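See structure below.
Bear in mind the structure is a predicted one, so any value in this text is a computation, not a measurement. Whatever order the structure lists them in is the order used to number ligands and atoms, beginning at 1.
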Amino acid sequence: MCGIFGIYGHPEAANLTYLGLYTLQHRGQESCGIVAYDEFKGMSSHLGTGKVSDVFKKHFNFNTELPGKNAIGHVRYSTMGDSGAKNCQPILVDYFRGSLAVAHNGNLVNSQELRDELGRQGLIFSTTTDTEVVIHLLARDQEDSLLERIRHVAQKIKGAYCLLLMTDKQLLAVRDPNGFHPLVLGRLGSSYVVSSETCALDFIEATFLREVAPGEIVQIDETGLHSFELQPPAPSPCVFEYVYFARPDSDVFGRQVYTVRRELGRQLARECPVDADVVVPVPDSGTVAGIGFAEESGIPFHMGLTRNHYVGRTFIEPTQSIRSFGVKLKLNPVRDVIAGKRVVLVDDSIVRGTTSYKIVKMIRDAGAKEVHMRISSPPTSFPCFYGVDTPDRKELISSSHSVEEINRCIGSDTLGYLSREGMLKACRLQDGCAFCDACFSGDYPVKFPRLESRLQLNLFE
Ligand code: SF4
(Lines give C-alpha, C1' and ligand atoms only; values in the text may rest on other atoms or scores of the structure.)
Protein backbone atom coordinates (compact mmCIF):
# COMPACT_ATOMS: atom_id res chain seq x y z
CA MET A 1 0.00 0.00 0.00
CA CYS A 2 1.08 3.57 -0.52
CA GLY A 3 -0.29 6.96 0.44
CA ILE A 4 -0.68 9.94 -1.88
CA PHE A 5 -1.43 13.57 -1.16
CA GLY A 6 -1.69 16.67 -3.33
CA ILE A 7 -2.69 20.30 -3.06
CA TYR A 8 -3.44 22.90 -5.72
CA GLY A 9 -3.30 26.65 -5.24
CA HIS A 10 -1.79 27.20 -1.79
CA PRO A 11 1.31 29.32 -1.04
CA GLU A 12 2.56 26.63 1.37
CA ALA A 13 1.74 23.68 -0.88
CA ALA A 14 4.88 21.59 -0.16
CA ASN A 15 4.77 22.21 3.59
CA LEU A 16 1.13 21.11 3.74
CA THR A 17 1.95 18.07 1.60
CA TYR A 18 4.65 17.16 4.10
CA LEU A 19 2.05 17.33 6.90
CA GLY A 20 -0.32 15.23 4.81
CA LEU A 21 2.35 12.59 4.22
CA TYR A 22 3.14 12.55 7.93
CA THR A 23 -0.48 11.62 8.59
CA LEU A 24 -0.43 8.95 5.86
CA GLN A 25 2.81 7.40 7.14
CA HIS A 26 0.98 4.20 8.17
CA ARG A 27 0.42 3.48 4.45
CA GLY A 28 4.12 3.16 3.70
CA GLN A 29 7.41 3.69 5.44
CA GLU A 30 10.07 2.67 2.92
CA SER A 31 10.40 5.95 1.08
CA CYS A 32 8.64 9.23 0.48
CA GLY A 33 8.87 12.37 -1.59
CA ILE A 34 7.31 15.62 -2.71
CA VAL A 35 7.32 17.40 -6.07
CA ALA A 36 6.25 21.05 -6.09
CA TYR A 37 5.52 23.39 -8.98
CA ASP A 38 6.36 27.08 -9.02
CA GLU A 39 5.50 29.29 -11.98
CA PHE A 40 8.99 30.85 -11.99
CA LYS A 41 11.18 27.93 -10.92
CA GLY A 42 9.23 25.09 -12.50
CA MET A 43 9.21 21.66 -10.86
CA SER A 44 11.42 20.80 -7.91
CA SER A 45 11.53 17.55 -5.99
CA HIS A 46 12.86 16.07 -2.79
CA LEU A 47 12.75 12.28 -2.35
CA GLY A 48 14.46 9.67 -0.25
CA THR A 49 14.26 6.32 1.48
CA GLY A 50 12.92 6.15 5.01
CA LYS A 51 10.08 7.77 6.87
CA VAL A 52 8.86 11.32 6.32
CA SER A 53 10.83 12.55 9.34
CA ASP A 54 14.02 10.94 7.93
CA VAL A 55 13.68 12.46 4.48
CA PHE A 56 12.47 15.91 5.57
CA LYS A 57 14.74 16.79 8.45
CA LYS A 58 14.13 19.48 11.02
CA HIS A 59 15.71 22.38 9.13
CA PHE A 60 14.38 21.50 5.70
CA ASN A 61 13.30 24.75 4.08
CA PHE A 62 10.15 24.18 2.06
CA ASN A 63 10.06 27.76 0.77
CA THR A 64 13.45 27.54 -0.92
CA GLU A 65 13.69 23.79 -1.69
CA LEU A 66 10.13 23.14 -2.83
CA PRO A 67 8.59 26.49 -3.78
CA GLY A 68 5.25 26.90 -5.48
CA LYS A 69 1.52 26.74 -5.00
CA ASN A 70 1.00 23.19 -6.25
CA ALA A 71 2.52 19.98 -4.89
CA ILE A 72 2.04 16.22 -4.80
CA GLY A 73 3.59 13.71 -2.42
CA HIS A 74 3.90 10.00 -1.83
CA VAL A 75 4.74 7.53 0.94
CA ARG A 76 5.70 4.12 -0.32
CA TYR A 77 6.08 0.52 0.55
CA SER A 78 7.01 -1.78 -2.24
CA THR A 79 4.55 -4.16 -3.84
CA MET A 80 5.88 -3.69 -7.37
CA GLY A 81 9.60 -3.09 -7.70
CA ASP A 82 12.16 -3.14 -4.92
CA SER A 83 12.37 -0.70 -2.05
CA GLY A 84 15.53 1.10 -3.22
CA ALA A 85 16.09 4.81 -3.81
CA LYS A 86 15.45 4.58 -7.56
CA ASN A 87 11.81 3.67 -6.89
CA CYS A 88 10.96 6.68 -4.71
CA GLN A 89 7.95 8.68 -5.84
CA PRO A 90 6.55 11.00 -7.10
CA ILE A 91 8.33 10.26 -10.37
CA LEU A 92 9.25 13.49 -12.16
CA VAL A 93 10.00 13.41 -15.90
CA ASP A 94 10.64 15.93 -18.66
CA TYR A 95 9.45 15.13 -22.15
CA PHE A 96 8.52 17.05 -25.26
CA ARG A 97 5.24 18.23 -23.76
CA GLY A 98 6.91 19.60 -20.61
CA SER A 99 7.32 18.30 -17.08
CA LEU A 100 5.12 15.67 -15.49
CA ALA A 101 5.09 14.40 -11.90
CA VAL A 102 3.20 11.21 -10.99
CA ALA A 103 2.38 9.55 -7.67
CA HIS A 104 0.64 6.17 -7.60
CA ASN A 105 -1.09 4.04 -4.99
CA GLY A 106 -2.05 0.51 -6.04
CA ASN A 107 -0.77 -2.21 -8.29
CA LEU A 108 -1.26 -2.86 -11.99
CA VAL A 109 -1.83 -6.53 -12.71
CA ASN A 110 -0.59 -6.37 -16.31
CA SER A 111 2.42 -4.10 -15.84
CA GLN A 112 4.96 -6.83 -16.66
CA GLU A 113 3.32 -7.54 -20.01
CA LEU A 114 3.19 -3.81 -20.82
CA ARG A 115 6.78 -3.34 -19.68
CA ASP A 116 7.92 -6.23 -21.90
CA GLU A 117 6.05 -4.78 -24.86
CA LEU A 118 7.55 -1.30 -24.33
CA GLY A 119 10.98 -2.83 -23.77
CA ARG A 120 10.79 -4.65 -27.10
CA GLN A 121 10.12 -1.27 -28.72
CA GLY A 122 13.41 -0.04 -27.30
CA LEU A 123 12.23 1.86 -24.23
CA ILE A 124 14.52 2.00 -21.25
CA PHE A 125 13.23 2.05 -17.68
CA SER A 126 14.97 3.77 -14.82
CA THR A 127 12.79 2.25 -12.07
CA THR A 128 11.18 -1.14 -11.53
CA THR A 129 7.78 0.35 -10.65
CA ASP A 130 4.56 -0.09 -12.59
CA THR A 131 4.12 3.70 -12.33
CA GLU A 132 6.87 4.22 -14.89
CA VAL A 133 4.95 2.02 -17.31
CA VAL A 134 2.03 4.46 -17.00
CA ILE A 135 4.35 7.40 -17.65
CA HIS A 136 5.79 5.81 -20.82
CA LEU A 137 2.31 5.05 -22.10
CA LEU A 138 1.22 8.64 -21.41
CA ALA A 139 4.29 10.08 -23.13
CA ARG A 140 3.83 7.98 -26.26
CA ASP A 141 0.14 8.73 -26.74
CA GLN A 142 -0.60 11.13 -29.61
CA GLU A 143 -3.42 13.12 -27.98
CA ASP A 144 -2.55 16.69 -27.01
CA SER A 145 -4.76 16.71 -23.94
CA LEU A 146 -3.34 14.93 -20.88
CA LEU A 147 -6.87 14.05 -19.86
CA GLU A 148 -7.51 12.24 -23.14
CA ARG A 149 -4.13 10.51 -22.92
CA ILE A 150 -5.06 9.23 -19.47
CA ARG A 151 -8.31 7.88 -20.90
CA HIS A 152 -6.37 6.06 -23.61
CA VAL A 153 -3.88 4.64 -21.12
CA ALA A 154 -6.73 3.47 -18.90
CA GLN A 155 -7.82 1.20 -21.76
CA LYS A 156 -4.46 -0.55 -21.52
CA ILE A 157 -3.75 -0.79 -17.81
CA LYS A 158 -5.56 -3.19 -15.48
CA GLY A 159 -5.68 -3.37 -11.72
CA ALA A 160 -5.63 -0.90 -8.88
CA TYR A 161 -4.53 2.67 -9.29
CA CYS A 162 -5.07 5.95 -7.54
CA LEU A 163 -2.94 8.45 -9.43
CA LEU A 164 -1.97 12.06 -8.88
CA LEU A 165 -0.49 13.78 -11.93
CA MET A 166 0.87 17.31 -11.90
CA THR A 167 1.95 19.53 -14.79
CA ASP A 168 2.67 23.25 -14.97
CA LYS A 169 -1.05 23.86 -15.54
CA GLN A 170 -3.04 21.31 -13.62
CA LEU A 171 -3.33 18.61 -11.01
CA LEU A 172 -5.23 15.47 -11.95
CA ALA A 173 -6.57 12.82 -9.58
CA VAL A 174 -7.51 9.48 -11.13
CA ARG A 175 -9.16 6.44 -9.50
CA ASP A 176 -9.51 3.07 -11.19
CA PRO A 177 -13.05 1.89 -12.10
CA ASN A 178 -13.00 -0.68 -9.28
CA GLY A 179 -12.10 1.97 -6.71
CA PHE A 180 -9.95 -0.56 -4.86
CA HIS A 181 -8.27 2.02 -2.65
CA PRO A 182 -9.60 5.26 -1.19
CA LEU A 183 -8.99 8.71 -2.62
CA VAL A 184 -10.74 11.81 -1.28
CA LEU A 185 -11.12 15.48 -2.14
CA GLY A 186 -10.95 18.34 0.32
CA ARG A 187 -10.96 22.11 0.41
CA LEU A 188 -8.64 24.41 2.33
CA GLY A 189 -9.69 28.00 1.81
CA SER A 190 -9.61 28.46 -1.95
CA SER A 191 -7.23 25.50 -2.46
CA TYR A 192 -8.15 21.93 -3.37
CA VAL A 193 -6.62 18.95 -1.61
CA VAL A 194 -6.50 15.28 -2.66
CA SER A 195 -5.55 12.55 -0.20
CA SER A 196 -5.59 8.78 0.23
CA GLU A 197 -7.41 9.19 3.53
CA THR A 198 -9.48 11.84 5.30
CA CYS A 199 -7.22 11.81 8.39
CA ALA A 200 -4.73 13.90 6.39
CA LEU A 201 -7.45 16.44 5.57
CA ASP A 202 -8.29 16.68 9.28
CA PHE A 203 -4.66 17.28 10.17
CA ILE A 204 -4.26 20.29 7.89
CA GLU A 205 -7.80 21.48 8.78
CA ALA A 206 -9.14 21.00 5.28
CA THR A 207 -12.84 20.29 4.76
CA PHE A 208 -13.81 16.93 3.32
CA LEU A 209 -15.71 17.42 0.04
CA ARG A 210 -16.25 13.90 -1.31
CA GLU A 211 -14.51 10.78 -2.57
CA VAL A 212 -12.98 10.71 -6.02
CA ALA A 213 -15.45 8.22 -7.48
CA PRO A 214 -14.35 4.88 -8.97
CA GLY A 215 -13.62 5.49 -12.65
CA GLU A 216 -13.39 9.28 -12.25
CA ILE A 217 -10.78 11.82 -13.31
CA VAL A 218 -10.76 15.04 -11.31
CA GLN A 219 -8.99 17.92 -13.00
CA ILE A 220 -7.98 20.93 -10.93
CA ASP A 221 -6.64 24.01 -12.68
CA GLU A 222 -6.91 27.79 -12.50
CA THR A 223 -10.56 27.60 -13.59
CA GLY A 224 -11.50 25.30 -10.68
CA LEU A 225 -12.38 21.64 -10.24
CA HIS A 226 -13.81 19.57 -13.08
CA SER A 227 -14.96 15.97 -13.12
CA PHE A 228 -14.76 13.53 -16.04
CA GLU A 229 -15.47 9.86 -16.49
CA LEU A 230 -12.38 7.72 -16.99
CA GLN A 231 -14.28 4.47 -17.46
CA PRO A 232 -17.69 3.25 -16.29
CA PRO A 233 -17.44 2.43 -12.58
CA ALA A 234 -17.43 -1.21 -11.42
CA PRO A 235 -16.79 -0.75 -7.70
CA SER A 236 -15.06 -3.46 -5.68
CA PRO A 237 -13.37 -1.54 -2.83
CA CYS A 238 -10.75 -3.32 -0.75
CA VAL A 239 -12.29 -4.74 2.43
CA PHE A 240 -8.82 -4.98 3.96
CA GLU A 241 -8.77 -1.18 4.22
CA TYR A 242 -11.43 -1.61 6.92
CA VAL A 243 -9.87 -4.71 8.50
CA TYR A 244 -6.34 -3.40 8.83
CA PHE A 245 -4.94 -0.76 6.60
CA ALA A 246 -6.70 2.57 6.92
CA ARG A 247 -6.44 4.68 10.05
CA PRO A 248 -9.45 4.28 12.39
CA ASP A 249 -10.11 8.03 12.35
CA SER A 250 -10.46 8.10 8.55
CA ASP A 251 -13.72 7.93 6.63
CA VAL A 252 -13.25 5.30 3.95
CA PHE A 253 -15.82 4.25 1.33
CA GLY A 254 -18.43 6.32 3.13
CA ARG A 255 -17.98 5.00 6.68
CA GLN A 256 -15.62 5.74 9.54
CA VAL A 257 -13.06 2.97 9.88
CA TYR A 258 -13.30 2.93 13.69
CA THR A 259 -17.03 2.18 13.56
CA VAL A 260 -16.57 -0.64 11.07
CA ARG A 261 -13.61 -2.17 12.90
CA ARG A 262 -15.49 -2.10 16.21
CA GLU A 263 -18.43 -3.85 14.52
CA LEU A 264 -16.01 -6.50 13.21
CA GLY A 265 -15.03 -7.16 16.83
CA ARG A 266 -18.66 -7.32 17.97
CA GLN A 267 -19.53 -9.74 15.19
CA LEU A 268 -16.47 -11.83 16.08
CA ALA A 269 -17.67 -12.07 19.69
CA ARG A 270 -21.08 -13.25 18.50
CA GLU A 271 -19.57 -15.87 16.21
CA CYS A 272 -16.69 -17.10 18.39
CA PRO A 273 -17.67 -16.69 22.06
CA VAL A 274 -15.37 -17.88 24.84
CA ASP A 275 -15.33 -17.91 28.66
CA ALA A 276 -12.49 -15.60 29.65
CA ASP A 277 -11.40 -12.97 32.18
CA VAL A 278 -9.93 -10.26 29.98
CA VAL A 279 -9.89 -9.11 26.34
CA VAL A 280 -6.41 -8.02 25.25
CA PRO A 281 -5.90 -6.57 21.76
CA VAL A 282 -2.70 -6.82 19.77
CA PRO A 283 -1.96 -3.09 19.41
CA ASP A 284 -2.57 -1.26 17.18
CA SER A 285 -3.99 -3.63 14.57
CA GLY A 286 -6.42 -5.41 16.95
CA THR A 287 -7.27 -2.56 19.31
CA VAL A 288 -10.57 -1.35 17.89
CA ALA A 289 -11.85 -4.86 17.12
CA GLY A 290 -10.84 -5.79 20.69
CA ILE A 291 -13.03 -2.97 22.03
CA GLY A 292 -15.95 -4.31 20.00
CA PHE A 293 -15.32 -7.87 21.20
CA ALA A 294 -15.27 -6.73 24.84
CA GLU A 295 -18.46 -4.69 24.45
CA GLU A 296 -20.37 -7.55 22.89
CA SER A 297 -19.05 -10.28 25.19
CA GLY A 298 -19.14 -8.27 28.42
CA ILE A 299 -15.55 -9.36 29.20
CA PRO A 300 -13.38 -6.50 30.55
CA PHE A 301 -11.03 -4.86 28.05
CA HIS A 302 -7.45 -4.07 28.99
CA MET A 303 -4.34 -3.01 27.12
CA GLY A 304 -2.36 -6.08 28.20
CA LEU A 305 0.32 -5.47 25.59
CA THR A 306 2.20 -2.20 25.40
CA ARG A 307 3.49 -1.13 22.05
CA ASN A 308 6.61 0.84 21.40
CA HIS A 309 5.31 3.39 18.94
CA TYR A 310 8.74 4.43 17.75
CA VAL A 311 9.12 1.30 15.64
CA GLY A 312 7.25 0.81 12.34
CA ARG A 313 4.43 -1.66 11.78
CA THR A 314 5.72 -5.22 11.24
CA PHE A 315 3.41 -6.02 8.36
CA ILE A 316 4.87 -3.58 5.92
CA GLU A 317 8.56 -3.96 6.64
CA PRO A 318 10.31 -5.80 3.88
CA THR A 319 12.53 -8.54 5.30
CA GLN A 320 12.01 -11.55 7.52
CA SER A 321 14.93 -10.60 9.76
CA ILE A 322 13.39 -7.23 10.60
CA ARG A 323 10.00 -8.85 11.13
CA SER A 324 11.22 -11.40 13.67
CA PHE A 325 13.14 -8.77 15.49
CA GLY A 326 10.19 -6.40 15.36
CA VAL A 327 7.80 -8.36 17.57
CA LYS A 328 10.13 -8.26 20.57
CA LEU A 329 11.02 -4.69 19.86
CA LYS A 330 7.45 -3.53 19.60
CA LEU A 331 5.38 -5.36 22.21
CA ASN A 332 5.75 -5.98 25.89
CA PRO A 333 3.13 -7.64 28.15
CA VAL A 334 1.55 -5.91 31.14
CA ARG A 335 1.86 -8.66 33.76
CA ASP A 336 -0.76 -7.34 36.20
CA VAL A 337 -3.37 -7.56 33.43
CA ILE A 338 -2.38 -11.01 32.22
CA ALA A 339 -0.98 -13.14 35.08
CA GLY A 340 -3.38 -15.88 36.22
CA LYS A 341 -6.06 -14.79 33.67
CA ARG A 342 -7.90 -16.48 30.82
CA VAL A 343 -7.01 -14.08 28.00
CA VAL A 344 -8.87 -13.42 24.75
CA LEU A 345 -6.21 -12.10 22.39
CA VAL A 346 -7.72 -10.13 19.48
CA ASP A 347 -5.89 -9.35 16.23
CA ASP A 348 -6.95 -8.39 12.72
CA SER A 349 -5.32 -11.27 10.80
CA ILE A 350 -2.79 -14.09 10.86
CA VAL A 351 -0.46 -13.96 7.87
CA ARG A 352 2.45 -16.38 8.28
CA GLY A 353 1.71 -17.32 11.88
CA THR A 354 5.20 -16.51 13.14
CA THR A 355 4.21 -13.21 14.72
CA SER A 356 1.09 -14.68 16.34
CA TYR A 357 3.16 -17.54 17.78
CA LYS A 358 5.55 -15.07 19.41
CA ILE A 359 2.75 -12.95 20.84
CA VAL A 360 0.87 -15.97 22.25
CA LYS A 361 4.13 -17.15 23.84
CA MET A 362 4.72 -13.68 25.25
CA ILE A 363 1.27 -13.74 26.89
CA ARG A 364 1.83 -17.22 28.32
CA ASP A 365 5.28 -16.26 29.62
CA ALA A 366 3.61 -13.34 31.40
CA GLY A 367 1.53 -15.88 33.38
CA ALA A 368 -1.73 -16.24 31.42
CA LYS A 369 -3.76 -19.32 32.41
CA GLU A 370 -5.30 -19.67 28.94
CA VAL A 371 -4.87 -17.82 25.63
CA HIS A 372 -7.81 -17.72 23.20
CA MET A 373 -6.91 -16.15 19.87
CA ARG A 374 -9.69 -14.33 17.99
CA ILE A 375 -9.19 -12.86 14.52
CA SER A 376 -11.46 -10.11 13.18
CA SER A 377 -11.32 -11.33 9.56
CA PRO A 378 -11.51 -14.73 7.80
CA PRO A 379 -8.34 -16.78 7.16
CA THR A 380 -6.04 -14.96 4.70
CA SER A 381 -5.53 -17.71 2.14
CA PHE A 382 -4.81 -15.90 -1.11
CA PRO A 383 -2.31 -13.24 -2.19
CA CYS A 384 -3.32 -9.71 -3.12
CA PHE A 385 -2.48 -8.49 -6.63
CA TYR A 386 -4.00 -5.05 -6.16
CA GLY A 387 -1.47 -3.27 -4.01
CA VAL A 388 -1.51 -4.74 -0.50
CA ASP A 389 1.66 -6.48 0.52
CA THR A 390 0.36 -9.93 1.41
CA PRO A 391 3.05 -12.55 0.82
CA ASP A 392 3.02 -15.38 -1.72
CA ARG A 393 0.37 -18.02 -1.20
CA LYS A 394 2.82 -20.62 0.00
CA GLU A 395 3.81 -18.32 2.89
CA LEU A 396 0.21 -17.74 3.99
CA ILE A 397 -0.38 -20.22 6.79
CA SER A 398 -4.13 -20.40 6.08
CA SER A 399 -3.55 -21.58 2.52
CA SER A 400 -2.14 -24.90 3.73
CA HIS A 401 -3.38 -25.35 7.31
CA SER A 402 -6.79 -25.85 8.89
CA VAL A 403 -7.92 -23.58 11.73
CA GLU A 404 -7.16 -26.34 14.25
CA GLU A 405 -3.67 -26.83 12.78
CA ILE A 406 -3.01 -23.08 12.95
CA ASN A 407 -4.22 -23.10 16.55
CA ARG A 408 -1.57 -25.72 17.33
CA CYS A 409 1.12 -23.86 15.32
CA ILE A 410 0.64 -20.57 17.15
CA GLY A 411 0.22 -22.28 20.54
CA SER A 412 -3.17 -20.86 21.55
CA ASP A 413 -5.79 -22.83 23.51
CA THR A 414 -8.49 -22.00 20.97
CA LEU A 415 -8.54 -20.03 17.74
CA GLY A 416 -11.56 -18.40 16.11
CA TYR A 417 -11.83 -16.43 12.86
CA LEU A 418 -14.64 -14.14 11.80
CA SER A 419 -16.64 -15.69 8.93
CA ARG A 420 -16.64 -14.12 5.47
CA GLU A 421 -20.37 -13.44 5.83
CA GLY A 422 -19.80 -11.84 9.22
CA MET A 423 -17.02 -9.62 7.87
CA LEU A 424 -19.09 -8.44 4.90
CA LYS A 425 -22.08 -7.81 7.16
CA ALA A 426 -20.01 -5.68 9.52
CA CYS A 427 -18.35 -3.77 6.66
CA ARG A 428 -21.51 -3.26 4.62
CA LEU A 429 -21.26 -0.55 2.00
CA GLN A 430 -23.87 2.19 2.02
CA ASP A 431 -24.84 1.74 -1.62
CA GLY A 432 -24.86 -2.04 -1.42
CA CYS A 433 -22.02 -2.60 -3.92
CA ALA A 434 -19.65 -5.55 -3.42
CA PHE A 435 -16.21 -5.51 -1.84
CA CYS A 436 -13.03 -7.07 -3.10
CA ASP A 437 -12.30 -9.75 -0.49
CA ALA A 438 -10.09 -11.87 -2.75
CA CYS A 439 -7.33 -12.41 -0.16
CA PHE A 440 -9.96 -14.25 1.92
CA SER A 441 -12.10 -15.81 -0.81
CA GLY A 442 -9.89 -16.17 -3.90
CA ASP A 443 -12.64 -14.36 -5.82
CA TYR A 444 -10.58 -11.80 -7.75
CA PRO A 445 -12.63 -8.95 -9.27
CA VAL A 446 -10.06 -8.08 -11.96
CA LYS A 447 -8.81 -11.16 -13.76
CA PHE A 448 -5.63 -11.33 -15.85
CA PRO A 449 -3.88 -14.09 -17.76
CA ARG A 450 -1.26 -14.99 -15.12
CA LEU A 451 -3.99 -15.24 -12.48
CA GLU A 452 -6.27 -17.36 -14.69
CA SER A 453 -3.52 -19.89 -15.35
CA ARG A 454 -2.68 -20.06 -11.66
CA LEU A 455 -6.31 -20.48 -10.70
CA GLN A 456 -6.68 -23.30 -13.24
CA LEU A 457 -3.57 -25.04 -11.96
CA ASN A 458 -4.35 -24.06 -8.37
CA LEU A 459 -0.92 -22.45 -8.27
CA PHE A 460 0.12 -19.04 -7.03
CA GLU A 461 3.52 -17.52 -7.11
S1 SF4 B 1 -7.15 -8.94 -2.39
FE2 SF4 B 1 -7.52 -8.34 -0.25
S3 SF4 B 1 -5.99 -6.79 0.21
FE4 SF4 B 1 -6.08 -7.01 -2.03
S5 SF4 B 1 -7.51 -5.44 -2.73
FE6 SF4 B 1 -8.70 -7.32 -2.44
S7 SF4 B 1 -9.43 -7.23 -0.29
FE8 SF4 B 1 -7.80 -5.71 -0.53
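Neighbouring protein atoms of atom 6 (Fe) of ligand 1 (N, O or S, distance under 2.8 Å, waters ignored): Cys436 SG.
When only modelled atom types and interatomic distance are considered, Arg115 and Gln112 share no side-chain donor-acceptor pair under 3.5 Å. Side-chain contact of Asn332 with Thr306: a donor-acceptor pair under 3.5 Å is absent, judged by distance alone.
Shown here are the side-chain hydrogen bond (donor to acceptor under 3.5 Å, both in side chains) partners of His181, two or more places apart in sequence or in another chain: Glu241. Residues satisfying the side-chain hydrogen bond (donor to acceptor under 3.5 Å, both in side chains) criterion with Ser145, sequence neighbours excluded, are absent altogether. The side-chain hydrogen bond (donor to acceptor under 3.5 Å, both in side chains) search around Glu211 returns Arg175, not counting sequence neighbours.
Just one of Val343, Val344, Val274 meets the side chain to side chain contact (heavy atoms under 4.5 Å, CB included) condition when paired with Val279; it is Val344.
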